[in-house]
Enquirer: 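Quick one: structure below, then a few questions.
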Amino acid sequence: MDLTNKKTFRLKTTVATIVVVMALVSCSVSYKFNGASIDYSKTKTIQIADFPIRSSYVWAPMASIFNNELKDIFANNTRLIQVRNNGDLKIEGEITQYSQRNKAVTAEGTSAQAELSMTVNVRFTNNANHNEDFERQFTATTSFETTQSFTAVQEELVTQMIEDITDQIFNATVANW
């Protein structure tokens with residue numbers, strides 16, 4: 001390399017290094033792993049009511065599993081203080097549907113796969129910004145092979161659906177997705 005090419009190469013390398021350093025210093029990426037976007041200066045508390053079962057088909061432990069999971073997702077992923085009354089945010093509702101139906105049939109006409117479904121009606125109130133208030137239904141489904149005993153897999157399936165629904169509720173209320 002001659003002297004002119006060396007100087008040009010050094011100049012280009014120096015400029016590229018400066019550009020990269022400036023880009024890294026000037027860019028600030030802010031990402032919250034839990035997805036919550038809460039203005040804690042305005043919103044400090046949350047009131048989460050227990051959701052009763054209003055479905056004609058019932059599995060008794062479902063309500064307590066749901067209520068605990070819903071409260072846990074907010075406790076684990078936000079700094080909101082859970083209160084019994086007058087929360088800045090308020091979540092209430094009911095489990096409106098829990099059902100099982102055949103999803104696939106064998107050549108012999110028997111059920112090969114079944115689908116379990118759960119729907120929860122939610123009323124959300126944001127006392128800091130009533131434009132965000134809503135009433136909405138959230139549904140989750142899961143399937144299982146009918147060669148398995150339903151009573152043997154029911155708790156696992158319900159837990160999966162509850163995790164799905166509570167994630168949906170969390171995202172709709174505080175993640176603003």
Enquirer: How far apart are the closest heavy atoms of Lys44 and Tyr40, and which atoms are they?
Expert: NZ-O, 3.0 Å
Enquirer: Could you walk me through whether Asp133 and Lys90 satisfy the salt bridge (charged side-chain N to carboxylate O under 4.0 Å, His left out) test, starting with their C-alpha distance in whole Å, then the side-chain angles of each, then the deciding distance to 0.1 Å, before giving a yes or no?
Expert: CA-CA 9 Å; Asp133 295 358; Lys90 183 177 180 181; over 6 Å; no
Enquirer: Taking all non-hydrogen atoms of both residues, which atom of Ala140 and which atom of Ile165 are closest, and how far apart?
Expert: CB-CG1, 3.6 Å
Enquirer: Backbone N or O of Val153 within a donor-acceptor pair of the Gln148 side chain at under 3.5 Å?
Expert: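 Not at all, since once roles are kept as given, no pair shorter than 3.5 Å links the two residues.
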Enquirer: Once rounded to the nearest 0.5 Å, what's the spacing between atom CG of Leu80 and atom CG of Leu89?
Expert: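 It comes to 6.0 Å.
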Enquirer: Quick one: closest heavy-atom pair of Ser37 and Ala175, and the distance?
Expert: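 Closest heavy-atom pair between Ser37 and Ala175: OG-O, 3.4 Å.
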Enquirer: Quick one about Gln160 and Asp164 (side-chain donor to acceptor, distance below 3.5 Å, no hydrogens or angles considered), yes or no?
Expert: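 Gln160 and Asp164 do not have a side-chain donor-acceptor pair below 3.5 Å.
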Enquirer: Indicate yes or no: at least one non-hydrogen side-chain atom of Phe170 is less than 4.5 angstrom from one of Thr78.
Expert: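 A side-chain contact under 4.5 Å exists here.
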Enquirer: Grouping I, L, V, M, F, W and Y whenever their side-chain heavy atoms are under 4.5 Å apart, do Phe134 and Ile48 come out in a common cluster?
Expert: yes
Enquirer: Within a reach of under 6.0 Å around CD of Glu135, are more than 12 heavy atoms found that belong to other residues, nucleotides or ligands?
Expert: yes
Enquirer: How many angstroms lie between CZ in Arg54 and CG in Asn121, if you round to the nearest 0.5 Å?
Expert: 11.0 Å
Enquirer: Can you tell me how far OH of Tyr57 sits from CD of Gln100, rounded to the nearest 0.5 angstrom?
Expert: 5.0 Å
Enquirer: Between Gln97 and Ser99, is there a side-chain donor-acceptor contact under 3.5 Å, judged purely by atom types and distance?
Expert: yes
Enquirer: Out of Trp59, Tyr98, Phe138, Phe51, which one pairs with Phe66 under the ring pair (Phe, Tyr, Trp, His ring centres under 6.0 Å) rule?
Expert: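 Going through Trp59, Tyr98, Phe138, Phe51 one by one, the ring pair (Phe, Tyr, Trp, His ring centres under 6.0 Å) with Phe66 is satisfied by Phe51 alone.
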Enquirer: Please find the pair of heavy atoms, one from Gly87 and one from Gln47, that lie closest to each other, and give the distance.
Expert: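 Smallest interatomic distance, heavy atoms only, reads N-OE1, 3.3 Å.
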Enquirer: Taking side chain as C-beta onward, heavy atoms only, is Asp50 less than 4.5 Å from Lys71?
Expert: yes
Enquirer: What heavy-atom pair brings Ile73 and Thr166 nearest, and what distance separates the two atoms?
Expert: CD1-O, 3.8 Å
Enquirer: Is there a chain of hydrophobic side chains (I, L, V, M, F, W, Y, each step under 4.5 Å between heavy atoms) that links Ile46 to Val83?
Expert: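 Per the 4.5 Å side-chain linkage, Ile46 and Val83 are not co-clustered.
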Enquirer: Looking at every non-hydrogen atom in both residues, tell me the closest pair between Ala128 and Thr43 and how far apart they are.
Expert: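 Closest pair (atom of Ala128, atom of Thr43, distance): CB-OG1, 4.1 Å.
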Enquirer: Suppose we screen for salt bridge (Lys or Arg N to Asp or Glu O under 4.0 Å). Which residues come up paired with Arg84, at least two apart in sequence or across chains?
Expert: none
Enquirer: Could you tell me the separation between the OG1 atom of Thr142 and the CD atom of Glu163, rounded to the nearest 0.5 Å?
Expert: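 Answer for the OG1-CD pair, Thr142 versus Glu163, is 11.0 Å.
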Enquirer: Could you tell me the separation between the OG1 atom of Thr173 and the CG atom of Asn171, rounded to the nearest 0.5 Å?
Expert: 8.0 Å
Enquirer: Using distance alone, with no hydrogens and no angle criterion, decide if Thr141 and Ser117 have a side-chain donor and acceptor under 3.5 Å apart.
Expert: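 Checked: Thr141/Ser117 side chains show no N/O donor-acceptor pair below 3.5 Å.
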Enquirer: Is there a continuous path of hydrophobic side-chain contacts, each under 4.5 Å between heavy atoms, that joins Phe144 to Ile65?
Expert: yes
Enquirer: Do Val58 and Met118 belong together in a cluster built from hydrophobic side chains that touch within less than 4.5 Å?
Expert: yes
Enquirer: So does Asn127 get a backbone contact from the side chain of Asp88, meaning a donor-acceptor N/O pair under 3.5 Å?
Expert: no
Enquirer: Answer yes or no: are there more than 12 heavy-atom neighbours, outside Asn86 itself, under 6.0 Å from its atom CG?
Expert: no
Enquirer: Verify salt bridge (charged side-chain N to carboxylate O under 4.0 Å, His left out) between Arg123 and Glu94, making sure each step is shown before the conclusion.
Expert: CA-CA 9 Å; Arg123 289 175 297 283; Glu94 49 279 329; 3.0 Å; yes
Enquirer: Working to the nearest 0.5 angstrom, can you tell me the gap between Gln154 CD and Thr159 OG1?
Expert: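 That separation rounds to 10.0 Å.
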